Amino acid sequence: NAGVTQTPKFQVLKTGQSMTLQCAQDMNHNSMYWYRQDPGMGLRLIYYSASEGTTDKGEVPNGYNVSRLNKREFSLRLESAAPSQTSVYFCASSVGLRPTYEQYFGPGTRLTVT
Amino acid sequence: DAKTTQPNSMESNEEEPVHLPCNHSTISGTDYIHWYRQLPSQGPEYVIHGLTSNVNNRMASLAIAEDRKSSTLILHRATLRDAAVYYCILRDVQRDDYKLSFGAGTTVTVRA
């Protein structure tokens, strides 16, 4: 039981390059999330998926797209990376969206855009 | 939005209890109190949550004041692995607070 896994762990991109961050969970959770964490800015929600087949914007969706590939997998794509997207990206999952459900996080992807 | 206030840092000795306070004087009746922690270079980790009654799990205990304006996370026997930033947050079931939003948290240092 791996929980939430993310790949890659580290990535360096040049401005304008694209990439996809992968996330998978093996807990049979319905809801999945992508957050970014920046020093002094705390955790911010980029996109979320309440259940398989649905995705919605969070607080900071500009410059990102997501795909809920199936119940297990939720990917985050940067189409044209910018230095402002340098951050640590966390994927999380939960049984559902209700605030009584805890969220389980992956180990993170540390992305640097030069 | 109801906010929380935590001390910036706390120190503890290994194998001693740690009591982490959190003030939330503007808490509403539908706010759940959640605690998460984040170890260095790792993702956040759920610790515990509660509404009104004290809660215990394998990681910690949560003591909630009778008026719910404050709470305390208790780590019963600190280990070096408990050194982390601890976040106290409120999540309102009435407003469907699905996203997590952390403040500065309390940085816990555990001395061997």
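A note on names: the letters A, B, ... follow the listed sequences, proteins ahead of strands, and every chain is numbered from 1. In this text the structure is predicted, and so the values were computed from the model without any measurement.
- Under the 4.5 Å side-chain contact rule for hydrophobic residues, Leu75(B) and Val110(B) share a cluster.
- The most heavy-atom pairs under 4.5 Å with chain A, out of Glu45(B), His34(B), Gln38(B), come from Gln38(B).
- Heavy atoms closer than 4.5 Å to chain B are found nowhere in Arg44(A), neither backbone nor side chain.
- With hydrophobic clusters built from ILVMFWY side chains whose heavy atoms lie under 4.5 angstrom apart, Leu90(B) does not share a cluster with Tyr87(B).
- Val88(A) and Trp34(A) fall into different hydrophobic clusters, where Ile, Leu, Val, Met, Phe, Trp and Tyr are joined by side-chain heavy atoms under 4.5 Å apart, directly or via other members.
- The part of Tyr32(B) that comes within reach of chain A is its side chain, from C-beta onward, which places non-hydrogen atoms under 4.5 angstrom from that chain.
- When the shell of 6.0 Å around CG of Asn8(B) is examined, it contains 12 or fewer heavy atoms from other residues, nucleotides or ligands.
- Other residues, nucleotides and ligands place no more than 12 heavy atoms under 6.0 Å from the CZ atom of Arg77(B).
- Here the side chains of Pro99(A) and Arg95(B) are not in contact, with every heavy-atom distance at 4.5 Å or above.
- Side-chain N or O atoms of Arg91(B) include one that pairs as donor or acceptor with a backbone N or O of Tyr101(A) at under 3.5 Å.
- The part of Leu45(A) that comes within reach of chain B is its side chain, from C-beta onward, which places non-hydrogen atoms under 4.5 angstrom from that chain.
- Under the 4.5 Å side-chain criterion, counting only non-hydrogen atoms from C-beta, Ser31(A) is not in contact with Tyr98(B).
- Heavy atoms from other residues, nucleotides or ligands lying under 6.0 Å from NZ of Lys99(B) number 12 at most.
- No single ILVMFWY cluster, assembled from side-chain heavy atoms under 4.5 Å apart, contains both Ile48(B) and Val95(A).
- Looking at Gln37(A), the atoms closer than 4.5 Å to chain B (heavy atoms on both sides) all sit in the side chain, from C-beta outward.
- The shortest distance between side-chain heavy atoms of Phe105(A) and Gln42(B) does not fall below 4.5 Å.
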